[in-house]
Every structure is written in C-alpha cells, then in structure tokens.
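Side chains included, hydrogens not; waters and symmetry mates left out as well; all remaining heavy atoms used. Remember, predicted model here, so these are calculated numbers, not experimental data. So that the names make sense, note that chain A is the first sequence line, chain B the second, and so on, each numbered from 1.
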There are 2 protein chains.
Amino acid sequence: MTIETILDNIYPLLEESKQLVARLVKEVSFPKGYILLKANKIETSIYLVKKGIVRAYSDLDGNDITFWFGQEGDPVISMKSYVSNQKGYEDIELLEACTFYELKISDLQDLFLKDIHIANWGRRFAEKELIKTEERLISRQFRPAIDRYKDLLKDHPDLVQRVPLGYIASYLGITQVSLSRVRAELR
Amino acid sequence: MTIETILDNIYPLLEESKQLVARLVKEVSFPKGYILLKANKIETSIYLVKKGIVRAYSDLDGNDITFWFGQEGDPVISMKSYVSNQKGYEDIELLEACTFYELKISDLQDLFLKDIHIANWGRRFAEKELIKTEERLISRQFRPAIDRYKDLLKDHPDLVQRVPLGYIASYLGITQVSLSRVRAELR
DNA sequence: TTCACTATTTAACATATGTAAAAAATTACC
DNA sequence: GGTAATTTTTTACATATGTTAAATAGTGAA
C-alpha cells in the first residue's frame, strides 16, 4: 500500500497538497516484539501501517490489557500526543515484523495552518477515527463479548489466527478461560 | 454561555471567521422529554447546549441504554450524520427544558472549504471529541463500574442529582439493582 | 396533609464469569 | 522425530452480578 493511496483513502487530496505530505514521510521497519509507542510518553511521530500487525495495550495492576489491533492501512497514533501534546495511555507492540510510514506530528501541524486542503484532510482524518472509536465504544457497551468475538471472527478472521488468544480475550474484556468456554460452545 | 465563548473554547477563531459561524446559529428551546435527535435518521443539524441536560440512548432488545450525558457547552450530535451523512444510533432526550444553539451541518461544511481557520476549527472540534470518546472507551474497558460511578460523583455531582438512577446505571453498564448495592456500600 | 405515582432499595435466588491449577494440545527447536 | 516450551482448554470452586419481586422512600398534585 503506497502512502499516496493511504492518504487519499482518508480524504482525496490534490496532487500538489498530497506531495507536500508525502515528502514528509519516512519508511521505517522494526522486528516482532518491538515497542513502537510507549505509554506515559509524549510521542512526536505518527505511523501508518504499510505491512504487519500491532496491538495497543495499557498496564492495569501489573497485567496488560489490549484495547486495539492495527493492520495494513491503519494509523498508529498516541491520540493524546497528537491532539493534546500530552502523555498517552498506550504501548504499541509489534505482533509481527512491520513496516510503517512515519510522519512527524509537528511537520503535519505546520501544513494544517498553510494549506486548507490539508487542514480538511486532517479534519476528515480525526472525524473518521472518531467514528471508529465511537463504534468500538457502542459495540462494547451494547453487545456481549461473545457477539463481539463473532464479529471479530467475521471481519478479521486473519487477526484471530495471527494473534494469541489471551490478547483477544483482554480486548473483548473477558478472561482467556471465559473466551475458551465461549469457543467450546461455538463448536 | 454565548456561542462565541463555546466556539473559542474549541479552537480560538479570528473575529471575522467566528462571525461567519456565529451568523449561521439559531437559538432553539424545547421542553423536558422532547426527543431532539432520532435514531436511524440522518440528522441535518448539530446543537450546542446553552442550558439544560440531555441523554443519548439506544434501544437494545426493547429497553433503552444510555451511553452519554450532555450539559451546558457540550455538542449534541449524531456523529454518523455529521461525519458520514449516515443514520445515527442515538435518540437524544431532554432530561430538562433546554436551550440550544443550532447549526446546519451543510452550512458548516461550506465554510470548511472556504476558510482555513474554520477548517482547522472543525479539525480541532473532531480531535477533541475523539479524545473524549477514547477516554470514555478506555475508562469503560479498564475501570470497574463502581470506580466510574465514583468518577461521575466527583466530576459531575450535579448530574447524579439531576438524572434518574436507572439512566446512570445503564450508562455505567450495570443494572439499577447493582448500582443500588454499590451505593449502599459507599454509605 | 393525604393520596397516588415514581424512584430507589432490599431480599432471595439463579447464573455467568472470575480465579487458580491441572490437563491437553499445539508449536518450536535441536 | 522427540523433547521442551508455549498456548489453549478444562475443571472445581468462589463470588459478583443479574433477575424478579416486594418493601421502602420520595415527589408532586389535589
């Protein structure tokens, strides 16, 4: 997936504006297990997944809880850093070797103030992330873990294969034992 | 709270740009119990609460579940309508007589394409809503209902007074009986 | 104040989920 | 291919929360 495609998928940009952003991008790769973003740290870059799969997790009383998975095309961001220049909640761990497009937040913010198209691209970007987050929240509040597990199986069957069950269980908000029971019933 | 104050709190605007937005705003009032936004409907306006308190809820198997409360200064929006021009999840019910600033979504979108300051205002607006939504999601995933109830008591003591307990229980994701038990333990 | 209505709490019981630990299955490596 | 290491499932038990229903408290109207 090229950076141009990813940018256009968020909000179509004129060639000139698009190149202003694309020029800022650096391609970077890291091995499985690498921690790309760190909790309680102000991050200065955002990333777009070119290849691979990652998880966001936070520590709660010593055991970590996964609250997001990211794959090809997804943005990997500490929203608190990006939006408020504050420390974020999440560690981002690479579940496979990954390649990212890296973008310095400050570079992007400069463009927001200079180019109205890029400002609107940034608006659409935030709006789309907002919708995704709202959907996660509503699904979590309204649907039981088993249904959300079925959704995951349906929408991201590869993810369920590629990711250890314990991470998926904590993502669903149940224990691994409970998820195992659920899976047994589905058989 | 004036509309100018609310706009500036989201992202400070130059007087000229601010007036472009302020001119679009219409003040509207409705009685307690009125349904301001309807689920499964594409909404064409967004609202900012000048006075009063509202709740967002969705129907689940016949009983409604509250997932958001809005008060003075808060935006009342069907995000799905605003961002994607699609039907939203939520009914918005007025828990008291309320006054809103109303803004047509299409009017605002026109300005996004014409004025870079307003485009950046729209970006900041989405970004801030995104942070709020993310915080709600993380709090819901990481903290037990009782702690979230304590937070609510601390951050919005008036809300706990003004809103029936059943709504608060469903907002917390527990039954009213369970919330009552929790409250009994706090005494 | 009294009555009617609504909201909240309490009680009794059923059930689902968590915890801890062991068993089984799967994967990785020599 | 065999052994160790890891992951997943199963078991047994404890506990918290849901359900239903009844009791109590609170509120507003006449």
Return all side-chain donor-acceptor pairs below 3.5 angstrom for residues 174-186 of chain B, not counting sequence neighbours, or 'none' if the list is empty.
residue: B:T175; atom: OG1; partner: B:S178; partner atom: N; Å: 3.1
residue: B:R183; atom: NH1; partner: B:Y149; partner atom: OH; Å: 2.8

Could you verify whether a donor N or O on one side chain and an acceptor N or O on the other, from A:Q71 and A:R162, lie under 3.5 Å apart?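 The answer is yes; a qualifying pair exists.
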Any sub-3.5 Å donor-acceptor pair from [X]'s side-chain atoms to [Y]'s backbone N or O?
X      : Y      : result
A:T5   : A:M1   : no
B:D8   : B:L13  : yes
B:R148 : B:R143 : yes

Roughly how many Å is it from [atom1] in [X] to [atom2] in [N], rounded to a whole number?
X      : N      : atom1 : atom2 : value
B:R148 : D:dT17 : CZ    : C1'   : 14 Å
A:L172 : C:dA16 : CG    : P     : 18 Å
B:L186 : C:dT9  : CG    : P     : 11 Å
A:E185 : D:dT8  : CD    : P     : 19 Å
A:Y167 : D:dT6  : OH    : P     : 13 Å
B:I168 : C:dA7  : CD1   : P     : 13 Å
A:Y149 : C:dT17 : OH    : P     : 15 Å
B:K32  : C:dT6  : NZ    : C1'   : 11 Å

Walk along nucleotides 22-30 of chain C from 5' to 3' and tag each nucleotide B, S or - by protein heavy-atom contact under 4.0 Å, base first, then sugar-phosphate. ---------
Within the sub-3.5 Å range, which N or O atoms of nucleotides 18-26 of chain D have a protein N or O partner, and how far apart are they?
residue: D:dG18; atom: OP2; partner: B:T175; partner atom: N; Å: 3.4
residue: D:dG18; atom: OP2; partner: B:T175; partner atom: OG1; Å: 3.0
residue: D:dG18; atom: OP2; partner: B:S178; partner atom: OG; Å: 3.1
residue: D:dG18; atom: N7; partner: B:R181; partner atom: NH2; Å: 2.7
residue: D:dG18; atom: O6; partner: B:R181; partner atom: NH1; Å: 3.4

Would you kindly confirm whether B:V28 and B:I46 end up in one hydrophobic cluster when ILVMFWY residues are joined by side chain heavy atoms under 4.5 Å apart?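 B:V28 and B:I46: separate clusters.
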Below the 4.0 Å mark, does C:dT8 have OP1 or OP2 next to a side-chain nitrogen or oxygen of B:Q176? yes
Using the salt bridge (charged side-chain N to carboxylate O under 4.0 Å, His left out) criterion, which residues pair with B:D64? Sequence neighbours excluded.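 Checked B:D64 against salt bridge (charged side-chain N to carboxylate O under 4.0 Å, His left out); matches are B:R55.
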Who pairs with B:R124 by salt bridge (charged side-chain N to carboxylate O under 4.0 Å, His left out), at least two apart in sequence or on another chain?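 Counting only residues at least two positions away or on another chain, B:R124 forms a salt bridge (charged side-chain N to carboxylate O under 4.0 Å, His left out) with B:E127.
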Identify the two heavy atoms, one from A:C98 and one from A:I53, that lie closest to each other, and give their separation to 0.1 Å.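 Nearest heavy atoms, A:C98 then A:I53: SG-N, 3.5 Å.
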Nearest to side-chain heavy atoms of A:A184, which nucleotide of D:dT10, D:dT9, C:dT8: D:dT10
Where does DNA chain D pair, written as one dot-bracket string 5' to 3', with Watson-Crick or G-U pairs under 3.5 Å, ( ) inside the strand, [ ] for crossing pairs and | for another strand? ||||||||||||||||||||||||||||||
How long is the straight-line distance from CG of A:L152 back to OH of A:Y171, given to the nearest 0.5 Å? 6.0 Å
Can we say B:K80 and A:E135 salt-bridge, meaning some charged N sits less than 4.0 Å from an Asp/Glu carboxylate O? yes
